[in-house]
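Since we're looking at a predicted model, the values are computed, not measured. Throughout, protein chains are lettered first and strands after them, A, B, ... in sequence-line order, and every chain is numbered starting at 1.
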Amino acid sequence: MTTTERTAASCFLPSDEPLGLVTADGTPAPDPALAMPADDVLLRLYRGMVSGRRFDTQATALTKQGRLAVYPSARGQEAAEIGSILALRPQDWLFPTYRDSMAVVARGVDPVEVLTLLRGDWHCGYDPYRANVAPQCTPLATNTLHAVGFAHAARVKGEDTVSLVLVGDGATSEGDTHEALNFAAVWKAPVVFLVQNNGYAISVPLAKQTAAPSLAYKGVGYGMPSVLVDGNDAAAVHAVVEQAVARAAAGEGPTLIEAVTYRMESHTNADDATRYREKAEVEQWRTRDPISRLKQYLTDRGLLDDKAQQEIDARAEEEAAALRERMNVDTKLDPADLFRHVYAEPTAALRQQAAELAHESTEDQA
Amino acid sequence: MTTTERTAASCFLPSDEPLGLVTADGTPAPDPALAMPADDVLLRLYRGMVSGRRFDTQATALTKQGRLAVYPSARGQEAAEIGSILALRPQDWLFPTYRDSMAVVARGVDPVEVLTLLRGDWHCGYDPYRANVAPQCTPLATNTLHAVGFAHAARVKGEDTVSLVLVGDGATSEGDTHEALNFAAVWKAPVVFLVQNNGYAISVPLAKQTAAPSLAYKGVGYGMPSVLVDGNDAAAVHAVVEQAVARAAAGEGPTLIEAVTYRMESHTNADDATRYREKAEVEQWRTRDPISRLKQYLTDRGLLDDKAQQEIDARAEEEAAALRERMNVDTKLDPADLFRHVYAEPTAALRQQAAELAHESTEDQA
Amino acid sequence: MTATLDTTLSLAGALNRALADALAEDERVLVFGEDVGTLGGVFRVTDGLAARFGDARVFDSPLAESGIVGTAIGMAMNGLRPVIEMQFDAFAYPAFEQITSHLAKLRNRTKGQVELPVVIRVPYGGGIGGVEHHCDSSEVYYTHTAGLRVVTPATPDDAYTLLREAIDSPDPVIFLEPKRRYWEKGTVDPQRRSPGLDKAVVRREGSDVTLISYGGALGTTLEAAEAAAEEGYRAEVIDLRSLAPFDLETVAASVRRTGRAVVVHEASRFCGYGAEVAAQLSEHCFHYLEAPVLRVAGFDIPYPAPNLEQHHLPGVDRILDAIERLQWDDAAPLDGEK
Amino acid sequence: MTATLDTTLSLAGALNRALADALAEDERVLVFGEDVGTLGGVFRVTDGLAARFGDARVFDSPLAESGIVGTAIGMAMNGLRPVIEMQFDAFAYPAFEQITSHLAKLRNRTKGQVELPVVIRVPYGGGIGGVEHHCDSSEVYYTHTAGLRVVTPATPDDAYTLLREAIDSPDPVIFLEPKRRYWEKGTVDPQRRSPGLDKAVVRREGSDVTLISYGGALGTTLEAAEAAAEEGYRAEVIDLRSLAPFDLETVAASVRRTGRAVVVHEASRFCGYGAEVAAQLSEHCFHYLEAPVLRVAGFDIPYPAPNLEQHHLPGVDRILDAIERLQWDDAAPLDGEK
Ligand SMILES: Cc1ncc(C[n+]2csc(CCOP(=O)(O)OP(=O)(O)O)c2C)c(N)n1
Ligand SMILES: Cc1ncc(C[n+]2csc(CCOP(=O)(O)OP(=O)(O)O)c2C)c(N)n1
Ligand SMILES: [Mg+2]
Ligand SMILES: [Mg+2]
């Protein structure tokens with residue numbers, strides 16, 4: 001499909017330091033390699049992050065009320081979650097993980113549907129074809145291959161679709177990540193790999209996950225351009241992903257992006273991060289918050305005033321209230337569904353088993 | 001175990017062109033980064049390659065006589081096979097593949113034992129602990145992880161053992177290769193990864209296997225130093241592997257080496273390479289033959305004369321004759337062995353099954 | 001271009017024809033894997049397809065089985081119908097997670113919204129003198145996994161029909177190809193209507209005992225039935241074709257008539273497919289059985305080296321022995337012997 | 001330091017104690033996997049071990065299951081005795097090739113010259129409200145693979161004993177830990193002599209019917225036996241403990257006495273472990289059986305979402321139903337009903 005030519009490694013290497021456009025304290029830091037997103041995009045990024053964090057807080061609260069079985073928070077990762085999603089075009093596809101509910105909601109999926117998995121009602125609560133979002137993936141790194149296959153199929157069919165796949169730093173250690181990067185590079189598939197390096201895989205810090213200076217260095221081994229970006233800088237993430245999507249759409253192949261960020265909460269509400277990391281580290285990252293830095297920048301630029309801020313907050317609050325209310329309802333599940341979607345048509349054995357279960361239920365009621 | 005520090009990528013990158021010490025026509029090509037092996041080592045390399053090729057030819061001949069079920073030839077890869085083995089110390093371990101019978105023999109395993117697998121008598125014919133050679137591995141890339149675990153265990157036990165693991169270019173696409181490189185780098189395990197890039201994975205050329213300029217570029221992604229070496233230059237392979245073994249033994253961690261070579265024969269005797277590659281390509285590689293170039297070099301240096309050459313040839317011929325003769329014997333297998341080595345002690349069910357089989361055989365004879 | 005009626009083809013040739021016809025008739029079909037392009041596969045099953053359909057539709061992928069299955073899943077999500085090859089049985093194991101956690105479950109996970117019409121072709125089983133890792137009978141790993149269809153042809157005719165139906169199926173199909181039968185020839189009628197992707201067929205009629213088999217072992221079972229006839233047992237032989245789902249109806253109907261059954265397969269006996277057949281027959285034909293359902297299977301050992309495989313594989317004698325042990329006269333019951 | 005006699009521990013606590021004692025007594029033992037070091041495992045089974053034994057012996061590896069099993073194999077080749085953890089059942093699948101093609105076979109491949117005393121701990125099964133991929137009962141994938149031992153404790157006492165014996169075993173052991181029983185408490189006597197790594201035990205005596213179960217389902221089966229007693233059935237309950245090898249002797253002895261048997265497990269029925277038990281009992285106890293061996297098992301579906309799992313898991317009622325269907329009086333035979 002492609003031929004191997006000797007290309008200087010430097011063509012594939014990321015920058016030594018993460019790219020950024022807005023520093024932690026909100027100061028602009030122009031980069032010749034990166035265009036600052038337009039003002040309206042910056043505002044959408046900001047709104048998206050505020051809504052995203054509010055959603056996240058709400059979801060965590062729902063676990064305490066027993067409305068959700070479990071929730072993996074993305075607090076602190078809003079810039080990566082929202083910055084990447086807003087860089088997608090409508091026809092593009094997202095391949096998210098369990099961590100990326102916020103991104104899936106930002107992509108337009110009904111939050112109640114998104115939370116169906118975590119409330120324990122069904123494995124995936126939304127129709128992937130409605131918002132072009134694959135089911136949230138739990139087996140680590142396996143979604144990378146789906147993204148590559150999907151993107152390759154689009155090219156075969158002559159369709160202009162780019163896959164964006166999200167994975168964590170831990171998932172980069174799995175063989176599937178390697179195979180996906182390689183298949184994508186060899187096939188020149190229109191895929192963007194976004195590694196959200198949030199410092200931990202549950203309790204395991206990055207230093208036990210890799211000995212490389214950066215996860216983005218892996219791209220070189222596949223002949224794939226790699227980008228290291230400040231994952232708490234929504235403007236930079238957006239710019240970098242937008243560039244990668246454009247490259248992919250233009251037939252130039254995949255890009256590997258490492259977004260350096262931090263998981264502010266425990267792995268899930270069931271985890272206790274104080275068992276394995278220092279408070280000081282968390283506090284240190286609090287100063288690099290993705291939302292407050294963009295707020296500062298927008299305020300300094302005169303793009304955000306108190307009134308606008310109030311509107312944004314109010315809207316996020318409304319969304320959360322609506323979600324809370326809609327989640328505060330007992331759902332009624334049909335056990336017969338257990339047998340309906342195993343094959344296109346239930347087999348004789350499954351019909352038999354469904355009948356047995358139905359019979360049991362009748363007996364129970366009798 | 002280790003901490004990640006930012007290190008310039010250049011520390012891990014291989015050279016743009018393969019390292020070498022002797023050119024294809026036998027001319028010395030000194031390299032400041034690489035010490036030319038001592039004269040006696042060069043002579044041992046030469047002898048080893050001549051014996052290795054003779055063994056290889058003999059094994060292929062045995063397939064024609066029906067004495068071997070199948071044989072994957074390493075003709076053309078003698079420099080990589082022998083150069084790497086002679087760089088090992090006695091206590092080091094080798095983790096070879098099905099392609100590397102020549103290397104296993106060079107390591108000191110009885111050639112008849114080596115060929116037990118391919119003659120169809122048992123899965124592995126030698127005792128791995130006698131010459132420190134793991135069973136030849138068929139499931140691709142899986143041996144990389146065994147090598148890493150073995151090496152790590154040596155460090156845990158305070159033993160000075162380095163693992164050398166051989167894999168092909170195709171095997172680098174498997175997830176296990178990735179996981180092994182990463183585990184080795186993170187654990188700083190004393191392992192040397194030698195990729196014999198012989199241009200093909202059965203019929204699939206390298207260009208369909210990777211889009212990277214070199215397979216050695218992968219090391220960067222693991223923070224592992226990588227070396228690109230002319231795999232048909234036994235002196236260079238030896239020097240490079242020796243360096244890597246020394247690094248590993250000194251506690252400096254693993255090295256990834258890509259040896260660029262060529263598979264002169266079909267994948268195995270059962271394959272027909274003319275279906276997928278041009279004669280011209282094969283002819284082109286014939287001019288880069290590892291044996292004739294070292295012969296030229298040694299002759300020019302006055303280290304090899306006709307008499308020595310005759311002795312070397314005669315010895316290789318004797319070895320082949322001895323092998324031929326010993327393989328020309330019908331072996332008698334004991335079907336009861338089928339049940340003896342499944343568990344440390346046969347289970348009741350296996351004892352029962354062994355009895356059934358024994359009963360059948362008695363009936364057959366009756 | 002559809003094949004003409006009643007051609008004589010090898011089983012491998014029939015598969016090749018089925019792939020060619022599917023590629024010709026359905027734009028969404030594509031074939032990829034290791035060495036399936038230029039080379040045409042190590043068993044030549046995809047011979048000539050890349051030349052005929054171009055390397056966008058028939059091609060070699062990088063060497064990574066999880067990658068092959070995982071990308072096929074993505075392609076199927078995007079409307080294609082990939083037919084992929086695992087070069088040998090044991091080399092499908094790296095893809096086990098993609099197969100069990102995604103391929104088998106994605107329809108279910110999405111309440112039927114995502115359909116994965118993927119066919120995984122797996123040359124399987126022994127009998128060809130292959131070295132270790134090239135001869136596994138891995139069917140149970142798949143049949144125990146809900147959401148997969150598992151089928152295996154035993155004749156060239158079925159090879160053609162089952163593969164076409166597998167490709168047309170909206171469900172993922174593990175398509176097990178009995179290597180040792182690749183070169184056996186038979187008549188293939190591409191227009192034949194099949195009994196269905198999930199139906200067993202009676203290959204030989206008989207009234208004394210039902211022999212149940214599939215894939216590579218079917219031929220041996222038919223030979224055994226022939227030999228049994230000489231000893232006075234009229235054996236009915238059923239070819240399961242579909243291992244998941246299991247066609248209980250056809251099998252039970254036969255066993256209720258004959259009252260005796262032997263299951264024959266190459267895979268190890270312990271937790272092998274025969275256990276399910278025996279368990280279902282014991283449950284559903286309890287009062288019809290004159291003797292326990294016996295299993296003639298591979299031993300509970302790793303697949304042996306070529307020069308020992310004839311001891312491992314169920315042969316005619318072993319099947320005849322089992323038939324004779326079915327308590328024909330009032331001999332001592334088997335379970336008393338233990 | 002060995003534990004004192006007769007401590008009350010949870011099943012998870014008993015496993016922790018077993019690991020600690022093994023680490024203390026045998027220098028060659030080491031424990032690694034995902035989150036087993038500092039965190040002490042997501043189920044706290046390795047809690048405190050890294051602190052006590054240091055991170056050279058108890059440590060977090062990179063996140064890659066094939067890597068974990070593959071390196072454990074290499075370590076065992078070099079004389080260590082690794083005890084590794086797969087975080088959840090379905091997350092062992094990436095390691096399937098290393099497990100089936102190497103871990104299970106290396107002794108055999110080398111004619112016994114290479115021994116692999118590796119223990120793979122797998123928290124398995126459902127009943128804890130886990131989301132998809134966290135609740136698989138994957139035992140058959142391993143029991144069908146010759147060369148592996150597969151054991152599962154159902155009580156804290158057995159958790160301790162079986163894990164110690166698994167670590168001491170010269171064979172590779174798949175050690176299945178029933179998640180839903182992690183927090184159940186019981187008396188543990190570290191000095192207890194075990195009936196053996198491959199022995200089943202009778203947990204309750206009875207003369208009417210034998211209930212055969214293991215792991216997470218054993219507790220439910222014992223409850224069902226209690227309930228059955230109220231309805232007049234004296235049920236014997238056998239805890240298999242070892243799934244591979246299968247202790248036919250203990251089970252058959254019971255079934256020959258009772259004449260009736262029900263196998264209970266959480267895994268899907270089709271080609272599930274119960275099929276083997278039913279097949280063996282049908283074969284070896286044919287003339288003693290008053291009714292077919294029945295299986296009470298999970299449905300043939302992907303493991304369902306938490307809010308539906310109670311419908312899937314075999315419960316007391318379903319076991320009682322099966323007991324009632326065992327043709328106690330001269331009711332219509334089961335197989336006539338179909
Ligand atoms: C194949 C597989 N192995 C193990 C797990 C269990 N597990 C769930 S999340 C997780 C850590 C993942 O870390 P990372 O990739 O960094 O993503 P993050 O949770 O930080 O977003 C683990 C080990 C899994 N889901 N899949
Ligand atoms: C996991 C696995 N998949 C597929 C195969 C079948 N197979 C055997 S050799 C081979 C090609 C290997 O190519 P490469 O790694 O370049 O090694 P070479 O044969 O060239 O030495 C393939 C696909 C295998 N042995 N193992
Ligand atoms: Mg992470
Ligand atoms: Mg090669």
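In this structure, the portions of C:E65 lying under 4.5 Å from any heavy atom of chain B include both its backbone and its side chain. For chain B, the nearby part of C:Q87 is the side chain; its heavy atoms alone come within less than 4.5 Å. Only the side chain of B:L350 comes within contact range of chain C, with at least one heavy atom under 4.5 Å from a heavy atom of that chain. Proximity to chain C (any heavy atom under 4.5 Å) is restricted, for B:E356, to the side chain, taken from C-beta onward. Neither the backbone nor the side chain of B:D176 comes within contact range of chain C; no heavy atom of the residue lies under 4.5 Å from a heavy atom of that chain. Of the atoms belonging to C:D300, heavy atoms from both backbone and side chain fall under 4.5 Å from chain B. Looking at C:F299, the atoms closer than 4.5 Å to chain B (heavy atoms on both sides) sit in the backbone and in the side chain alike.
Atom CD1 of C:I301 sits about 12.5 Å away from atom CZ of B:R340, to the nearest 0.5 Å. Atoms CD and NZ, on C:E34 and B:K208 in that order, are 13.0 Å from each other to the nearest 0.5 Å. Rounded to the nearest 0.5 angstrom, C:F88 CZ and B:T138 OG1 are separated by 10.5 Å. Of the inter-residue distances, the one linking B:R277 atom CZ with C:T38 atom OG1 reads 13.0 Å to the nearest 0.5 angstrom.
By the 4.5 Å heavy-atom criterion applied to side chains, C:H311 and B:L338 are counted as neighbours.
Summarising the geometry of C:A64 relative to B:S173, their closest heavy-atom pair is CB-O, 3.4 Å, with the distance given to 0.1 Å. Of all the heavy atoms in C:H133 and B:P139, the pair that sits closest is CD2-CD, 3.5 Å. Smallest separation of non-hydrogen atoms from C:L63 and B:A171: CD1-N, 4.3 Å. Closest heavy-atom contact between C:L39 and B:R275: O-NH2, 3.1 Å. Contact detail for C:D35 and B:A201: the closest heavy-atom pair is OD1-O, 3.4 Å. Between B:E174 and C:P94, the shortest heavy-atom distance links the atoms OE1-CB, 4.5 Å.
Atom CD of C:E231 sits in a crowded spot, with more than 12 heavy atoms from other residues, nucleotides or ligands closer than 6.0 Å. More than 12 heavy atoms of other shown residues, nucleotides or ligands fall within 6.0 angstrom of atom CD in B:E281. Applying the 6.0 Å contact sphere to CD of B:E325 captures no more than 12 heavy atoms from other residues, nucleotides or ligands.
Highest contact tally toward chain C, considering only B:V342, B:T177, B:V204, B:L140, is held by B:V204 [criterion: heavy-atom pairs under 4.5 Å]. Highest contact tally toward chain C, considering only B:W122, B:Y343, B:F339, is held by B:F339 [criterion: heavy-atom pairs under 4.5 Å].
Listed for the C:N307 side chain is a donor-acceptor partner under 3.5 Å among the backbone atoms of B:R119.
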